[in-house]
Every structure is written in structure tokens, then in C-alpha cells.
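Values in this document were obtained by computation on a predicted structure and should not be read as measured data.
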Amino acid sequence: MPTRSRARSPGSEHELRARAEALAGGTLGELAASFGLLAPPDLRRAKGFVGELMERALGASAGSRAEPDFPELGVELKTLPVDPSGKPQESTFVCTIAPREIGDVEWEASLVRRKLARVLWVPVEGMRSVPVAQRRIGTALLWSPSPEDEAELRFDWEQLAGLIGRGQEDAITGHLGKWLQVRPKAAHSRSRRRSFDPEGSPTLSLPRGFYLRATFTARILQQHFALGPRRQPPL
DNA sequence: TTGTGATCATCT
DNA sequence: AGATGATCACAA
């Protein structure tokens, strides 16, 4: 089995959903083996393993393009590491920030809004105590933000994009934003990219990206999988 | 080098 | 414990 094999891209949301459903209940080890891959013992040196494996399995386009994972469908794929109760353990990266452009864009045209317009969330067991190969894949959810979700995300985005657009990026910390936050997104803390200072002069700053807080994705899963007072974990 | 996929590991 | 800031691997 060639290690570069990959599922063909799905022709419809229905097909994408069916494929995701077929993966639910299986383990990452089984899925990796079906592509001739070996799951790493842990993710310390393979942080993108789960996401990239899922891309192969569902037929997402490869590579690092600034497009949705399924361009024809306009769907973004996100794996979600969850604890035994089905709660996301990590924030979700949305997109990198172009400090010199963000001030010229309205929410409606923002990359954050476009990326989150349609998302296939795939919960996967994320406990470090479980070897990667034994972690189970959960029930996926094809999601779009509700009007309320979008209004809240827009509020956060406008505050953060406003600061960046006014050259105050370095005043931003991960504390800002109820659901959406800005955090470093770089190879290391010495990374720098072109930006503007508060006077509008060119300067260099740490590359940052937008992230969804785990509380936001937790709410999404809860809203869609909660059938009663006892939640049914999507695993 | 930048953007994709994210999780790690330290600090509060 | 939970979240923030830091970091890892790979492709183009």
C-alpha cells in the first residue's frame, strides 16, 4: 500500500458526511494502516498527524493553500481532540493574520468568516494517556454558525482586527476575545513578519493567528449532540 | 519563508 | 486545572 494514497475528493456534502460516518468508531491506528502508515506513539513530533490523516481519509485537497479543504464544497475540515466526556481539549486554529491587510477588510469579507462558514468537525480522542494508534474517531458534525454564533464571532473579530489594523498587534494577548482569540502562530518566538506600528510605520512583529477557544467548539458539540440531561459523548 | 495541519509545556 | 504563549512537521 503506497503511503501517498488518498481518497478521491467527495462530490457532495452528503458523500462527505457518509464517509465521515464510516470512520466513526474506528481507531487512528486502523485508519493509518489502511494508507500504509504507522501512527506515532504520541504527537509531540507529529502535531499535524491526526488532521493530515483525516484529510487523506476524506479526500481533502493536500498542501498548504489558503482555500477550504474541500474547495468544490466550500467545506473546511477540522479535527477536534476531545476528552472522555466529549469536550474539546484544545483551541482550534482558524487562519493566520496579515497585519497589513486586515485593516482594509470588513467582517463579511474576512478570512475568519469564510473559513468558518461551513466546517466538518471530526472529534477524535485526544488523551495523551492513550497511544495515538488506539485513539478512537468520533461522530462528525457538518456545521455552520448560527446567526447568534456569527454575531458573537464578529464582535470578537472586530475588536481584534481593529487593534491589529491600528498597529497595536503587540498589545494583543490571548486573553482578549470571548470565543475568538489571537495567539502566536510561528515556528518559534523569534519569528517575525512585516507589520505596522501605531504610527503606521513598517515594523516587524511575531506572526499570529486567529483561534477558536475550546469553549466555543465545546458549545457546538454540546448543542448538536446533547439529547438530554446526560450528554452522549460523540465517541 | 509562509501557510497548512495542530499540540506541547509552562505559567498563572 | 485551564489557558496562554511556544513550538513541531511538512509542502510549495
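Distances shown here put every side-chain N or O of A/R213 at or beyond 4.0 Å from the OP1 or OP2 atom of C/dG2. A/R128 has a side-chain polar atom (N or O) that falls below the 4.0 Å cut-off from OP1 or OP2 of B/dC8. Contact annotation: A/S191 side-chain N/O to B/dT1 OP1/OP2 distance is not under 4.0 Å. For A/K115 and B/dT4, the shortest distance from a side-chain N or O to OP1 or OP2 is below 4.0 Å.
Sequence order on DNA chain C of the closest nucleotides to A/A187 and A/Q181 puts A/Q181 first from the 5' end.
Residue A/G51 is classed as a sugar-phosphate contact, given heavy-atom separations below 4.0 Å to backbone atoms only. Within the 4.0 angstrom heavy-atom criterion, base atoms lie near A/R183. As judged by a 4.0 angstrom heavy-atom cut-off over every strand, A/D42 is placed among residues making no nucleic acid contact. Across all strands, A/P207 comes closer than 4.0 Å to no nucleic acid atom at all (heavy-atom distances). Backbone-only engagement by A/T173 is indicated by non-hydrogen atom pairs under 4.0 Å involving sugar-phosphate atoms exclusively.
Here A/R219 pairs with A/E152 in a salt bridge; the nearest charged N to carboxylate O distance falls below 4.0 Å. In summary, A/R113 and A/E150 engage in a salt bridge, as defined by a charged side-chain N under 4.0 Å from a carboxylate O. The pair A/R154-A/E108 meets the salt-bridge criterion, with a side-chain N (NZ, NE, NH1 or NH2) lying under 4.0 Å from an Asp/Glu carboxylate O. Under the 4.0 Å criterion applied to side-chain N and carboxylate O atoms, A/E52 and A/R56 are not assigned as salt-bridge partners.
The nucleotide whose nearest atom lies closest to any side-chain atom of A/E76 is, among B/dG5, B/dT7, C/dG5, B/dG5. When distances are taken from the side chain of A/L43 to each of C/dA6, B/dA9, B/dT7, the shortest belongs to B/dT7. If you check B/dG5, C/dA6, C/dT4 against the side chain of A/L206, the one that comes closest is C/dA6. Counting only heavy atoms from C-beta on, A/S91 has its side chain closest to B/dT7 among B/dG5, B/dT7, C/dC8. Residue A/A186 places its side chain closer to C/dT7 than to any other of B/dT4, C/dT7, C/dA6.
Residues A/E148 and A/S146 bring a donor and an acceptor atom of their side chains to less than 3.5 Å of each other.
One donor-acceptor pair, N or O on each side, does fall under 3.5 Å between the base of B/dC8 and the side chain of A/E90. Scanning atom types as modelled, no donor and acceptor separated by under 3.5 angstrom connect the side chain of A/Y211 and the base of C/dA3. Taking 3.5 Å as the limit, the base of B/dT4 and the side chain of A/K185 contain a donor-acceptor pair of atoms between them.
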